[in-house]
Amino acid sequence: MNNIVLPFQEINPFIRHSHSFTVDLPSPHIGVMSYDYRMIYVIKGSGQFSLDNQLFAAGEGSLLYWPPGTSYSFLPAGGERFYLYGIN
């Protein structure tokens with residue numbers, strides 16, 4: 001394996017959009033396709049995330065990260081609401 005060393009000073013991420021939002025049932029975020037990297041932090045609530053049809057349990061403090069071209073859905077637990085923070 002080749003190791004690449006990237007000095008901290010050369011890291012230059014581009015954050016296109018960051019926002020906090022909530023998701024209830026029925027979720028409008030079903031089968032959405034990401035066209036950039038996504039990072040989602042669960043502030044409050046619980047349920048599941050579907051990433052390319054693979055389910056992941058998520059609750060307060062969970063952090064999910066996925067690449068462009070990933071189909072995703074937010075599936076809050078019944079009667080709950082996801083409070084999320086997202087960075088694209």
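Count residues from 1 along the sequence.
When all heavy atoms of R81 and D24 are compared, the pair lying nearest together is NE-OD1, 2.6 Å. Here the closest heavy-atom approach between residue A58 and residue F82 is recorded as O-CE2, 4.1 Å. Taking both residues in full, the closest heavy atoms of S18 and I87 are given as CB-CG1, 4.1 Å, listed atom of the first, atom of the second, then distance. Across all their heavy atoms, P76 and L25 have their closest contact at O-CD1, 3.5 Å. Considering every non-hydrogen atom in both S73 and G31, the closest pair reads OG-N, 2.8 Å. Contact between M39 and Y65 at its shortest, heavy atoms only, is CB-CD1, 4.0 Å.
A centroid separation of 6.0 Å or more is found between the aromatic rings of Y72 and F49.
Heavy-atom neighbours of N53 CG from other residues, nucleotides or ligands within 6.0 Å: at or below the threshold of 12.
Each of I30 and V32 belongs to its own hydrophobic cluster when Ile, Leu, Val, Met, Phe, Trp and Tyr are linked at side-chain heavy-atom distances under 4.5 angstrom. Residue L51 is grouped with residue V42 when hydrophobic side chains (ILVMFWY) are merged at heavy-atom distances under 4.5 angstrom, including chains of intermediate members. Side-chain heavy atoms closer than 4.5 Å link hydrophobic residues (I, L, V, M, F, W, Y) into clusters, and following such links, possibly through other members, connects W66 to V23.
Of the possible donor and acceptor atoms, one in the side chain of S34 sits under 3.5 Å from a partner among the backbone N and O of T70. A donor-acceptor pair is defined here as one N or O able to donate and one able to accept, closer than 3.5 Å; no such pair exists between the side chain of Q48 and the backbone of L55. Judged by distance alone, the side chain of D36 and the main-chain N or O of P68 form no donor-acceptor pair under 3.5 Å.
Within the 4.5 Å cutoff, the side chain of Y35 has no heavy atoms near those of the M33 side chain. Here the side chains of P67 and Y37 are in contact, with some heavy-atom distance below 4.5 Å.
For the atom pair L64 CG and R38 CZ, the distance stands at 13.0 Å (nearest 0.5 Å). With rounding to the nearest 0.5 Å, the separation of CG in L63 from CD1 in I40 is 9.0 Å.
The aromatic rings of F21 and F74 are tilted relative to each other, their planes meeting at an angle between 30° and 60°.
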